[in-house]
Undergrad: 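I have a structure here, written as structure tokens, and I will follow up with some questions on it.
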There are 2 protein chains.
Amino acid sequence: MSLPAVDWLRGFPALGELPETERSSLAGTAMAMSLPAGASVFAPDQPCGMFILVCSGTVRVFQLDPAGNEIVLYRLGPGSICILTTLALLASDSYSAFAVTESPVEAVGLPAATFHDLMGRSSQFRSFVFNAQAARMADLMAVIQNVAFASIETRLASRLLALAADGRELSITHAQLAAEIGSAREVVSRHLKTFERRGWVSLGRGRVELRNAAPLRAAARSAH
Amino acid sequence: MSLPAVDWLRGFPALGELPETERSSLAGTAMAMSLPAGASVFAPDQPCGMFILVCSGTVRVFQLDPAGNEIVLYRLGPGSICILTTLALLASDSYSAFAVTESPVEAVGLPAATFHDLMGRSSQFRSFVFNAQAARMADLMAVIQNVAFASIETRLASRLLALAADGRELSITHAQLAAEIGSAREVVSRHLKTFERRGWVSLGRGRVELRNAAPLRAAARSAH
DNA sequence: GAGCGCCGGTGACTTGGTCACAGACCGTGA
DNA sequence: TCACGGTCTGTGACCAAGTCACCGGCGCTC
């Protein structure tokens, strides 16, 4: 089903400047996708044949090893594209990463043919795609820095702040937080307990409330 | 200085199939680069304005944090391109990564204009670039898996095997090995000592000799 | 309200990282 | 050839993080 271009293109300023011919090529073949929370967007055994642009909601991209260890690589929000499906389209390579929607997601899918066509015709489109690549690459490099050299306290504090965004309360279990930072539940539990003793957060079953962001921010910044 | 196309294009099978017009565009503007061992190819404060193809030698790409911790992200060998300079060309983003030659390197640099032109004109060239992107992305994801979940023994054994390639002897210090796997020198020293006690390697100052690859391979494969 | 599954808390232990320091090796120059 | 300085390696003590085993509490359903 094709869509009126104006609706969703608004969410992608970089694409709004495409010449009219390319814009109509986009609009003519784009498919609306509507996914519930918890849907799999991409998995090693289930490659995705489309170029996906996220309009609303978020997608969590993570790795899972044979032992069941999980670590979050990055998140895609409105205005982002899924670079792993893009690379899979272009490079015929498969990944060990998973992508799952965290909330209901509205997205637009471009068929591979349209995608290839635009990559050839529009330098704006190319730079849009490459900017996304570069951002994801930077995300991965930041994850490497963190898991290799940052303390759990630093990583936990900064992840709490990032997940809370503006809200002061998180609905998340200790096990999920452990998967966020690539650590173990017990370790996260213990650190959260000390955060609570210091009055930085208060805890409930499946719930973390930030009570004092300032020291959390300081802990997130501290090198060690 | 331009080069005879046949010389260096041979190292890039994916580019050999370009149509004649694109091939001559490549050959006409390519610059030969010759770097000694230990030269900086790319650094956060010293971005590189060219698209670089490595013809011979290897380049080590690594991250360095303010505390001086180092971790190797991946290596570029003959036939690879430097994706970070590519992304920097295309995405106007800067990275916290460093790239240093490990041996004398012969390379070919394409000016940004030629690169952009080819990206627009040749789907083969695009897929060459995207394949490289995908490979680097996979490298980073493997690094994340390793630092997050693999034991030092596993990481050290597999790195020794990878660095040795066919040769049985490595010229490398414990500190360099620690930087390879993102750990600390003392930790590497201790594990190497136990490897030696088990007869897997023998050690000398700045030297590791592999004496029994089979158990090393087993250790490298073991999940834990 | 009994049972069940998920969630959080905790102790004991292992592994890995940090710190401080000592001794060994090796090139250089007196 | 010998002393010196820098680099490299080895080690003990300690701390931080990950693992394992287990428990009790919470909330849901039947």
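Note that the structure is predicted; figures quoted are calculated from it, not measured. When reading the values below, keep in mind they use all heavy atoms of this one structure, side chains included, and skip hydrogens, waters and symmetry mates.
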Undergrad: Any sub-3.5 Å donor-acceptor pair from E196(A)'s side-chain atoms to L203(A)'s backbone N or O?
TA: yes

Undergrad: From CG of N69(B) over to P of dC19(C), roughly how many Å is that when rounded to an integer?
TA: 10 Å

Undergrad: Please determine whether a side-chain nitrogen or oxygen atom of S183(A) lies at a distance below 4.0 Å from atom OP1 or OP2 of dG18(D).
TA: yes

Undergrad: Kindly indicate whether the side chain of L160(B), heavy atoms from C-beta on, has any atom under 4.5 Å from the side chain of L177(B).
TA: yes

Undergrad: Separation of E186(B) atom CD from dA20(C) atom P, in whole Å?
TA: 11 Å

Undergrad: Please determine whether a side-chain nitrogen or oxygen atom of H191(A) lies at a distance below 4.0 Å from atom OP1 or OP2 of dA16(D).
TA: no

Undergrad: Start at the 5' end of DNA chain D and walk down; is the nucleotide closest to R190(B) or to I172(B) reached first?
TA: I172(B)

Undergrad: Nearest-nucleotide wise, let me know which of G204(A) and A148(A) is further upstream toward the 5' end of DNA chain C.
TA: G204(A)

Undergrad: In whole angstrom, what separates L192(B)'s CG from dG16(C)'s P?
TA: 13 Å

Undergrad: From C-beta outward on R185(B), which listed nucleotide comes closest to its side chain: dC20(D), dG10(D), dG8(C)?
TA: dG10(D)

Undergrad: 5'-most contact on DNA chain D: R205(A) or R155(A), nearest heavy atom basis?
TA: R155(A)

Undergrad: Whole-Å distance between dT10(C) P and E196(A) CD?
TA: 10 Å

Undergrad: Answer yes or no: does a side-chain N or O of K193(A) lie under 4.0 Å from OP1 or OP2 of dG8(C)?
TA: no

Undergrad: Provide, to the nearest angstrom, the distance between the CD1 atom belonging to I152(A) and the P atom belonging to dC15(D).
TA: 19 Å

Undergrad: Do T58(A) and E102(A) have side-chain N/O donor and acceptor atoms under 3.5 Å apart?
TA: yes

Undergrad: Is the distance from OP1 or OP2 of dT7(D) to the nearest side-chain N or O of T173(B) less than 4.0 Å?
TA: no

Undergrad: Measure the distance from CG on L203(A) to C1' on dG25(D) and round it to the nearest whole Å.
TA: 15 Å

Undergrad: Please give, in whole Å, the distance from dG17(C) C1' to N146(A) CG?
TA: 17 Å

Undergrad: Verify whether one side chain among E106(A) and S34(A) offers a donor that lies under 3.5 Å from an acceptor in the other.
TA: yes

Undergrad: Would you mind reading off the distance between D65(B) atom CG and dT18(C) atom C1', rounded to a whole angstrom?
TA: 14 Å

Undergrad: Does a side-chain N or O of H174(A) approach OP1 or OP2 of dC6(C) to a distance below 4.0 Å, or not?
TA: no

Undergrad: Does the N146(B) side chain pair with the main chain of A150(B), one donor and one acceptor, at a distance under 3.5 Å?
TA: no

